[in-house]
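None of these values were measured; they are calculated from a predicted model. Numbers restart at 1 for each chain; the letters A, B, ... are given by sequence-line order, proteins then strands. Computation of the quantities below employed the complete heavy-atom set of this structure, encompassing side-chain atoms and omitting hydrogens, waters and symmetry-equivalent molecules.
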Amino acid sequence: MKFLDELAGTSLHASNLIKAIVLRIMGWSLMIDLESWVLTYLTLLMIPYFIAFLLYLVRILKGPTLSDRVLAVDALGYDLAAFMTMLTILVRSPIIIVCSVVLILWIFSLDIYVAKYLEAKELGG
Amino acid sequence: MMDYVDLVFLMMGITAVISVSFTFLAVKTKDLMHAVIFSSVQSIAYALVYFLLMAPDIVLVYVAVSVGIYPLILILVVKRVGRFEVTA
Amino acid sequence: MASLLEWTLVLVGQALITVGVFCDLVASISMLRFPNFYTRLHAATVGSIGGAFVPIVGVALVAAGSEFLGVYRWFLSGASLVIAFVELLLAGAGSHALARATHRSRAAPVQPVIVDQLEEDRGKGEV
Amino acid sequence: MDIELVKFMFILTVMSLYLNFAITLYGVVAKVNLVKKLIALTILQDTVNVFTVLIGYRLWRPGLILQPPALTDMNPTPEIIKDFVERSVDPLPQAFVLTAIVIGLAVTLFLTTIVLHVNYHFKTVNVDEIGGMKRRYIHEEAV
Amino acid sequence: MKRLFKSLIPTLLSFLIYVIYTGSLRVYDIVTGLVVAAVVGALTSSLIIEDWRKSLDVRRLAHLLKFAVRYFLIDEVRAHMLVIKLGLSPKLGLRPAIVKMPIKTRNDYGITLVSLSITNTPGTVVVDLNKEKGNIYVHWIYATTTVPEESYREVSEVFDEYALRIFE
Amino acid sequence: MNDLSVGLTTVLPTVVAFLLPLLTLRFKSRALYASITTATTLAVWLLTLVNFMKVFKGEVLTYAFGGWPPPLGIVYVVDMLNGVLGFLAATLFLLASVYTFWYFGRIESGHEWLSTLTLVLLSGVLGCLYTGDLFNFFVMLEVLSISSYALVAFFRRRKWAIEASMAYSFIGALATMLFFFGVIFIYASFGTVNMADLITKAHAIPELGSNPLERWSGTCPGSWCYGNVFISSALAIAFMLWALNFEAGIFPNNYWMPSAYAESPTPASALFAGIVDKVGTYGVLRLFITVFTAYGSTLMFSVGGFPFRDFVLIVLSTLGLVTGYLGALLMFPQRNVKRLLTYSTISHIGIIFTAFSAFLSHVSPEASAEALAGVMLHMVTHAFGEFLLFVGLGTLSVVVGSTNLARMSGLRGRYPLLIASIILGFLSLLGVIPLAGFFSKYVIFTALINAGLPVHGISIVLISGISALGYFKVIYTLMVSEGSGVTPRETRLYIPTGITVLLAALLIILGVLLTQSSFINPLMEHSRELMSVNGLLKYVDAVNNLSTLLGGA
Amino acid sequence: MLRDIIFVTLLIIIALALSYLTYLGGLGDLPPQDIRLIARSYLNLTYNQGVNWLWAASPEAVTAIVWDYRGLDTLFETVVFYGAILAALTVFRGVSKLPDRIVSVGLSVVVKRTMAIVTLAILTVAASTALHGHLTPGGGFQGGAIASVAPLLLIVVFGKQLFVEKKVSYNKLLTLRNASLGLLSLSTVALLIYGLATNEIGYIFQNQAKALSTLSYPSHMLDVPLGGTLFFLNVFEFLAVTSGFTLVFTLLLSSEEVILKEFEGEEYGY
């Protein structure tokens, strides 16, 4: 409300308006702590992510074929890598991001191995 | 309000329980290819536990070894040995 | 104190992460609901692009804007971008390889399907 | 933070690892298929390793953010080092596990070659069948 | 000389990845990055580059960038909406089909770009392809048509045109 | 203080093993590989000789790697127990690599791999013996195991060799993993893996008092260190003993030994029987006489009024008895000489484990010391005897083209020296009077009688008596039986004969020396010290001094 | 079946016993309230310039422990890995010399092209992991394990023929692996040899100057801490692990036909 009052007080010139809005947003940003905002938001987002993992696990358990399982492991792995990047911010240790790099690089290999197993006579062929 | 410390421990516990079920399946399944897949899911669960335990050095090796190399050598063996476990 | 630019980065990043979480949930639900392997491939694509690529880019933005993470936040941000790039290439290639191998070895039923022109062409010896 | 929940979850983790240990020990000892034994052995190694790292963990306290055992400051003052020591997890089990994982990998690589060779020679990987053949062979040798 | 030109793009790409991944610009990082990039570029150049003249063409790069922007903002969003709608609708109204599509590009990288673009958009996955005849077989979750030419226009024409511009 | 001769023993063969395959790309000469191996083992032998001389004078040698004060870094500690065994190991490896000069001509391929694997095995064995750090012991045990698995599978076209390696390696991998599990319990509860540090934390002896190691790893008051030390030491000892018993080949875990030893190449099987199975025995000895002693260690907590350590020792010695009888009984029906020799090894390891019953807490220190002396002596004499027999009979197997005993008859006229030394070796293992084998068994026997354990003492005599049947079968075949019509492929066996004759002479000389009190008394003195609190203090003090020295201001 | 039941009951007893003993306090508090004192010592010393006769000059404590404080463990861990590859070479000897007449088809062209680009990314990331091992999590083995994904996947995706075409031969790989292992062991004993030559005190595995020894590797390079030997050991380990993996997997993935041919006949020797 106070914000609108301020706006009404000034002449409605475009540059003034923008200036006022920018100043106002900067004022908000001074009021809310960015750290707690980011962390709270991410903490809340962890839960649906974990539910999604459990659903993927159900698909892995149900199968029925090899390809279904590999596909579910694959999707699980990619999402876990994304999850890990978020967790990295959450625990405030940026250097543990390297874990999700390797996860991304290696999860794909399972696809390739199984594809080769199904398709070719020899794994090295 | 849930603290994220609780969340970390909660995830650790749930992941460990999940890993038990996948270990059981990996040991029990007759189809060896499916056992390989189950064991690699179990490895991913352990990788998450390592991550939550703040051991990035280990995750780097562990993921490479047990998600990347173990499936290759196991699939290689299964390819040559035959896919189904035959019980005498 | 956080500047306007940082707030913008964080908010955009969080929006992307939210989209990612939504895509991820949808992907996991579709993964359960879809009838066979080939249709589940599409759910997996939603999971790996919408559910992983988008939030990783979001994390890169959030990290770039979060000063409280220290000097190494640029490492986080940069590594996230590399992950996103690699993931974009690998997810597609992996799905394609798996689909091709499954179709060739008939490891999973193709039904339900309206038409399977690949099977027809393979019968004619064209593939 | 809820200390009861945290303790329960941690002990649940330890118990799950013991259960994994028992299941895989069963797999290594009692399963007749060599590939199954191999899978169980790799999981056993991993279980022991996770257990090791778990030993080096510490309880989070309010206001204390844990960090991996890597200093992020290149010119640390004594205060920074003190803070680092208060916040970091135990690096020694991690170093042990790093060694143990590589050793486990090496052993598994060797076991793979051996299983492949067993398959070339005996055309089976069932230890019961191989044991039967061996008993016959030893009997022939001794007579 | 030819090898140098050939390994130029891989080296640059490698250096870029190294710097982004390291996330800092200390002298140590730049020096090691240059060494690593030179070695990796030399090692992988014969795998990656087929024709170095094409690889050093800036216009192709511009097309690639244009394509990337369009792809993420339009194609991906549209495809995601479709599949999310399908996945969440109470009655699964799927019309799955494996449809043949003739594409114009014959170049390896062109085919790769088209296939990856199709696969990475939810709703369509390339199941198999015939490089000589230029046919790709796409599993389409909601097939509006099964005629090859029409489905080509629906699914892959955009990607194919960009692929022609970038790689041919 | 910081003896380089201790530190170099394991690093030197490792460096050579890294570089040897590079040479194989250029030079295809077998003699070159054999000479490099021999030169390396000779250097290591000289180093261990120096160590042995020093520890015999009563010193405890230490080497801190990287110059780190002990609980932070890894330290090698050599006292009399591992000094003797290290010297023994280097001697046997030297002889084995000399033997390869002859042996390399008799195998088709893989000479370079045999040389390299032998060097890796050497560093594994010496590392296990010399290390003063439990986790390092695990790593070295793996080095030893993996090279042993490879050596067993060396003849890869023979299916029983592959089968033997399979049986060995699967359970071996499990065993070493359990050893690691045990080490983790130690670390979890005591907060250290350094043996000297562990000794001070696990004992409540006032003389140990405060020491410089605690500056780094803290003190342990009472029963609670970082966990309950009684429970964790019991758990750890259970897991670690299983692994060590597997390596030594004690009863429930001895099924892999006959095939593995019989199928591996002759120099490798000689080394296995000579020193590799002693490593497990050494580990058990180290755990029970240095780390968890009877002098108020954490393992002495009582279970139903009975110390837990005694309980474990009784189990071990009972298993040893069973192993001894089993090996002796199964020896007789064997026709394969290598298999027969392996059963002989099993029965002798059983005898050594039987002697562990003399380390019970209520036995007089005098008898315990005597038993320890007997065990050390028996390890040496058995290693020499078994090595001799494996080399001699293995050579004969190569010559006649079979390991079947019946094929080896009628060779006495052709290789008289070789056959004579083989028979001397058998007599020594049996325990015939002028030879060294008799005295070692006699010392163990008297120690067990003095300790008030007549059943165990008499069992040793009985085991020897039963195994005599098997030994005399071989002696009869070699000496008395007429030829089976096999024409041997070779006439001159200079190198194998030289080695066997040298070892036979050593057995006689050692036997003569053991009758001299001037030789036996220092030995008894050393073992008395090892068994006493003094020995413990000496071991800890050596490490403590090193820590003070290197810890700086 | 009876065997199974016996084992299952035995193992349930083991698990219960372990759990009970843990409950009694065999592992201490769960979760532990604090880290052990020796870990505090390590964390305190690893990059503490105030105690420069006991520092490892590396801010990364795990790498410092792995390659400096307990470097001997890691050297012999490398030996175990070397031994495993040696064992594989021993039992596969002869296979590497036979020409592999495998017909390479590989996977589809899309995967091949993608793999070619990803190989570059993988190698770069791996090299960065190894070269920053003393600053951020990572190190020689980690880098090597990441890098070895490239040759493995290349073999699986393109077929073994690729390595023959690119002239990546057995001998070259063996030379690279053993040369880097040789350099690795050389850098561990370099200060000892220097010390012996100049009549000063030097230790095996010495990195920085110690209480009794003034010899030292450089602790900084350019503008970052170097960790003395840690950098060199990481680089050599990286090369050795990558080439070792490539070596053993080219052998393991040889075609069955060739291997079976090598196994014809009985072997003479005792």
Distance-only criterion, 3.5 Å: which donor-acceptor pairs connect chain G and chain B?
| from | atom 1 | to | atom 2 | distance (Å) |
| --- | --- | --- | --- | --- |
| G:Gly138 | N | B:Asp57 | OD1 | 3.1 |
| G:Gln142 | NE2 | B:Asp57 | OD1 | 3.2 |
| G:Leu252 | O | B:Arg80 | NH1 | 3.4 |
| G:Ser254 | O | B:Arg80 | NH2 | 2.7 |

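Under the 4.5 Å side-chain criterion, counting only non-hydrogen atoms from C-beta, G:Leu184 is in contact with G:Leu233. Residues G:Val66 and G:Phe141 form no side-chain contact, since every pair of their non-hydrogen atoms from C-beta on lies 4.5 Å or further apart. Residues B:Val27 and B:Phe38 have side chains not in contact (no heavy-atom distance under 4.5 Å, counting atoms from C-beta outward). Residues G:Thr114 and G:Val157 are not in side-chain contact: their nearest non-hydrogen atoms beyond the backbone lie 4.5 Å or more apart.
Atoms CZ and CZ, on G:Phe163 and G:Phe158 in that order, are 10.5 Å from each other to the nearest 0.5 Å. Atoms CD1 and CG, on B:Ile37 and B:Leu25 in that order, are 12.5 Å from each other to the nearest 0.5 Å. Considering CG of G:Leu251 and CD1 of G:Ile85, their distance stands at 10.0 Å, rounded to 0.5 Å.
Both the backbone and the side chain of G:Leu252 come within less than 4.5 Å of a heavy atom in chain B.
Highest contact tally toward chain B, considering only G:Gly143, G:Gly138, G:Gly133, G:Gly139, is held by G:Gly138 [criterion: heavy-atom pairs under 4.5 Å].
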